Amino acid sequence: SIVITGLSRFNLYSISIAAMNSIGTGVFSQMFTFVTFDNELIDLFAKVSTTSVELSWEAISSNNSIIYTYEVAFNISSDRECSNTNMTTLTDGYISYNNTTETEVIIRELESNTCYIFGVRIYSSYSTVPGDWNILVERTEEITEKRTSDDRIGPVATAGTVIGL
């Protein structure tokens, strides 16, 4: 095996392989095309309120024709201290928003004063294998006063709703 180093992240590459010996070079294999991912998205942020979380991140820029989509998932964290970033917690019975090209999602109707684990990962139009999950664990704020009708304007998604599967 061989490890190819020095590749740029979020770029499309194509390789072909051929055996070589003292007689010469063999027949090249079919071209294999792949996209390099970064282990984390760039600058993942969470804006937390009593019953909603707004996740946002920077769009991935590339000098090629790759189309990127993002998967966002969340679940209630069993960790009362909001420090558990265990992927099993995220992927066991999670709610997912697939194939969004947006770089922001608002998740509404969450329970107040509750720890949630959120994950975002990237897909490319050239690969069915996603990048790694980028994880945030956040606690929704405790309700200290009565909710106003403004808290419910423009819901994007609600807990218990599965979009795009």
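What you see is a predicted model, and the numbers here were worked out from it, not measured in a lab.
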- Message: Determine whether Phe34 and Ile15 satisfy the following criterion, side-chain contact (heavy atoms from CB on, under 4.5 Å), listing intermediate values before the conclusion.
- Response: CA-CA 9 Å; Phe34 62 96; Ile15 62 170; 4.1 Å; yes
- side chain to side chain donor-acceptor pair (under 3.5 Å) evaluation trace for Ser14 with Thr33: CA-CA 4 Å; Ser14 296; Thr33 301; 3.0 Å; yes
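Note that CD of Glu138 is 12.0 Å distant from CZ of Phe45, once rounded to the nearest 0.5 Å. Annotation: the span from Thr140 atom OG1 to Glu111 atom CD amounts to 8.0 Å, rounded to 0.5 Å. Separation of atoms OG (Ser56) and CD (Glu102) is listed at 12.0 Å; rounding is to 0.5 Å.
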What side-chain donor-acceptor pairs closer than 3.5 Å can you find for residues 18-28, not counting sequence neighbours?
residue: Asn21; atom: OD1; partner: Ile23; partner atom: N; Å: 2.8
residue: Asn21; atom: OD1; partner: Gly24; partner atom: N; Å: 3.2

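Residues Asn113 and Arg139 are in side-chain contact: their nearest non-hydrogen atoms beyond the backbone lie under 4.5 Å apart. Taking the side chain as every heavy atom from C-beta outward, Val137 and Phe118 never approach each other to under 4.5 Å. Under the 4.5 Å side-chain criterion, counting only non-hydrogen atoms from C-beta, Ile76 is in contact with Thr114. A 4.5 Å side-chain heavy-atom check between Leu110 and Phe74 finds at least one atom pair inside the cut-off. Contact of the Leu7 side chain with the Tyr13 side chain is registered, since non-hydrogen atoms from C-beta on lie closer than 4.5 Å. Side-chain atoms of Glu71 and Thr69, non-hydrogen and from C-beta on, never get closer than 4.5 Å to each other. The closest side-chain heavy-atom distance from Phe32 to Ile17 is not below 4.5 Å.
A side chain to side chain contact (heavy atoms under 4.5 Å, CB included) with Leu136 is found for exactly one of Val48, Val120, Ile117, Leu55, namely Leu55.
Taking every heavy atom of both residues into account, Ile106 and Glu54 meet most closely at CG1-CG, 3.9 Å. Here the shortest heavy-atom pairing between Ala46 and Val53 reads CB-CG1, 4.2 Å.
Side chain of Thr51 to main chain of Glu109: no donor-acceptor pair is present (N/O by atom type, distance under 3.5 Å, no hydrogens or angles). Panel note: side chain Tyr70, backbone Glu104; no donor-acceptor pair is recorded below 3.5 Å. For Ser16 (side chain) and Ser29 (main-chain N/O), a donor-acceptor pair under 3.5 Å exists by modelled atom type.
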